[in-house]
Amino acid sequence: MAARVLNVNVGVLGHIDSGKTALARALSTTGSTAAFDRAPQSRARGITLDLGFSCLRTALPPQLGPGPGELQFTLVDCPGHASLIRTIIGGAQIIDLMMLVIDVTKGMQTQSAECLVIGQIACQKMVVVLNKIDLLPEAKRQSAIEKMTKKMQKTLENTKFSGCPIVAVAAKPGGPEAPESENPLGVSELIEVLKSQAYLPSRDPSGHFLMAVDHCFSIKGQGTVMTGTILSGSVSLGDNVEIPALKVTKKVKSMQMFHTPVTYAMQGDRVGVCVTQFDPKLLERGLICTPDSLHTIHAAIISLKKIQYFRGALQTKAKFHITVGHETVMGRVMFFSPALADFNEEIQENVFDFEKDYLYQEEYLSKDSVSSAENKENDQAGEVQLPKQQWALLEFEKPVTCPKLCLVIGSKLDTDIHANTCRLAFHGVLLQGMEDKNYTETFLPKLKVYKQKHKEGQVERVMDDYSVIGRSLFKKETNIQIFVGLKVKLSTGEDGIIDGGFGQSGKFKVRIPDGLKPDTKMLLTAASKKKSKGGKGEMTKEDESSKNDSAQPVTISLIFKRYVFDTQKKMIQS
C-alpha cells in the first residue's frame, strides 16, 4: 500500500515583481508542465502570464493524522500583472491556503490589496511572505522587517486573516541575475509555517466531475494532455469527459499526477488527463466535466455582497466584467432586494425563491449608498435600513459555461491599471442560470421584481358630498382609463377611488365612498371661492396674505406597484 499523499493547493499571489515565481521555485521540489514561466511569451516579457503550478512534498505534520504519509503542497503561482486579474480570479477558486507575497521594500501595493480581496472571498487561511529581505542593509534589516510586520498586522486587522503568520524571506538573494549557488533565506522556516497552517480541506469525490484546465498540450504517440485541478467529483481511467465549450466528449486514456501515473483522482487533486484525437489548440484553458453536467447560460440571478474597498456606487444598468467559473465576460446588472416588509427576514442560503416579491433598486444598497426614496420614508431614525441579502440579475454579452452555485466576481477591469484603486466591485454566488436564449420572454416574467410608484395630485374642487375633481396627477396625454378603479388617499384622510377622466386636460373624477368630512368640505369650498374671487383681476395685498394663511391644498396620493418584467404592465395595489 503506497503511503497516502494529502494535496493542499497553495496560491502564491501578490503585486507584480514581488518575487512570486522565484519563491515558488525556491519552495518546490517537482515542477509541473506549467511551472516557472515556461510559456515563451512569459519568458520574453519576464512576467508570469498564466497560472504556473509546481509542488513541494514534505512529511505529514502531526495535526493531519497519524501514520506515514506525505503532504503535497501544490503551489499555484498566480500572475501579478494587473491586466491578468482574470487569471488570478480563476486561480483563487482552487486554493486552500494563500501566500500573499509582499516586496518588503515597498509594502502593500494596489495589486497586493486586490489579491487580499480575492483571498478573502475564495480562501480560508493565509500566510504573508515578506520577500526580498536581502535588499535591506544588514545593519537595519531586523528593525525594517519588524516595522513592516507591524504594518501588515495593522492592514489585516479587520480582515478574516487577522493574526495570520508573517514570514520574512529572500527567495532569490541577489535578484534574478545572481548565481544559483546563492541559498534562499528563510525558506525552510516558511515551509514549517506552511506545514503548521495545513489543514484537511473538505474533499468530496461524489457529485459530477468538474476540472479547471489551465494547460493543454500534445505528446507524440500518446495524445493530448489537459492539466488542471479537480474542482468537484472524481475521475477514473476509461471515464468519458465532456469539453462543454466545444460540445465534445472524449475518453480518459491515461492520467498522471506530477509525473506519477494514477488510475483515479478526486476533488482538490492536480492531475493531467490524456485523451486521443483532440487538437490542444482548441482548448488553452477552460472546464471539462461529466457529460451534460454543466450549463451554458445567457443570464443569471446571483446573491451578492459589495466589496468594501471598491469606491463608488454599484448602479443598476451598469456594465461590469463578470468572472463566472473560469470565464470573464461583460455583463449588465440589475440590483434588487427583499420587499420592504421582508428586509429583516433571514434568507435561506444558496436558494432563490421565485414565489416571493422583490423590490427593484437603482443601486446596491450599502451604508454609503444613497438610500432609495422608499427607504427614506421608512426611516425615521435617519439611518438607512439595509436588507440582510441582496440579489442581481446579470445579463451576459455572450453565453458562459459554468457549474451551478459557482463563485461570481464583478469588477471594473477597464479602470486604469496604475490607478491606486480596487477594481473588484462585488462577489456572489450563482443561484439560477438561464439557458434559454429567449430568457426575456420565457424566464424573466417569473421573476417578481417590482417598482414602487407614488404619484401626487391635488383636489381642484368639490362636485358633491361623495366626489371631487382632481388635477396634476396625470399628464394631458395619459390614458386615464387604465387607472380607473385604483384607490387613492386624500391628505385630509379620506379614501377614494378613481372614477374616470374629466375633460381633456388630464383632470379626473374621484369617488369618495364614505363621503367627504365636513372640515374637508369647508376647506375646499373656501379655497375654490378664493380662486373665483381672485378671478382675473389684480390680487389685493389682503387676498395675498389670506391665500398664504389658507392651509396647504388637499393632495391626492396614488400608490401602486408595477412588476418590471410584466409584459402587460399591470398596476397592483395591496
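Here the structure is a predicted model, which is why all the values come from computation and not from measurement.
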Fill in the blank from the handout: Heavy atoms of Ala26 and Pro184 approach each other most closely as CB-CG, 4.1 Å
Handout entry: Arg423/Ser411 under side-chain hydrogen bond (donor to acceptor under 3.5 Å, both in side chains): CA gap, chis, key distance, verdict
Key = CA-CA 5 Å; Arg423 293 166 304 155; Ser411 34; over 6 Å; no
Practice task
Identify the two heavy atoms, one from Leu365 and one from Pro387, that lie closest to each other, and give their separation to 0.1 Å.
Solution key: CD1-CD, 3.9 Å
Practice task
Mind listing the closest non-hydrogen atom pair of Ala392 and Phe336 along with its distance?
Solution key: C-CE2, 3.9 Å
Problem - Value rounded to 0.5 Å, distance of CG in Leu27 from CG in Leu194 - result: 6.5 Å
Exercise for the section: Classify the ring geometry between Phe352 and Trp391 as parallel (under 30°), tilted (30 to 60°) or perpendicular (over 60°). Expected result: perpendicular
Name each donor-acceptor pair under 3.5 Å that joins a side chain in residues 146-156 to protein atoms two or more places apart or in another chain, with its distance.
residue, atom, partner, partner atom, Å
Thr149, OG1, Ile145, O, 2.7
Lys154, NZ, Glu157, OE1, 3.2
Thr155, OG1, Lys151, O, 3.0

Handout entry: Heavy-atom pair of closest approach, residues Cys406 and Val324
Key = SG-CG1, 3.6 Å
Side-chain donor-acceptor distances from residues 116-132 under 3.5 Å, at least two apart:
residue, atom, partner, partner atom, Å
Lys125, NZ, Gln197, O, 3.2
Asn131, OD1, Ala171, N, 3.1
Asn131, ND2, Ser18, O, 3.0
Asn131, ND2, Gly19, O, 3.4
Lys132, NZ, Asp17, O, 2.7

Problem - Residues Phe209, Asp239; criterion side-chain contact (heavy atoms from CB on, under 4.5 Å); working and verdict - result: CA-CA 10 Å; Phe209 164 68; Asp239 282 358; over 6 Å; no
Handout entry: SB check Arg332 Glu397 (cutoff 4.0 Å)
Key = no
Exercise for the section: Measure from NZ or CZ of Lys305 to the centre of the six-membered ring of Phe426, then state whether that distance is under 6.0 Å and the direction lies within 45° of the axis. Expected result: no
Handout entry: Gap separating the CD atom of Glu363 from the CD atom of Gln315, nearest 0.5 angstrom
Key = 5.0 Å
Exercise for the section: Would you check, one step at a time, whether the test side-chain contact (heavy atoms from CB on, under 4.5 Å) holds for Val235 with Val252? Expected result: CA-CA 9 Å; Val235 63; Val252 176; 4.0 Å; yes
Practice task
State, with a plain yes or no, whether a side-chain heavy atom of Met108 is found less than 4.5 Å away from one of Ile102.
Solution key: yes
Exercise for the section: Take Met226 and Ile288 through the test side-chain contact (heavy atoms from CB on, under 4.5 Å) and record every step on the way to the result. Expected result: CA-CA 9 Å; Met226 298 181 257; Ile288 61 171; 3.8 Å; yes
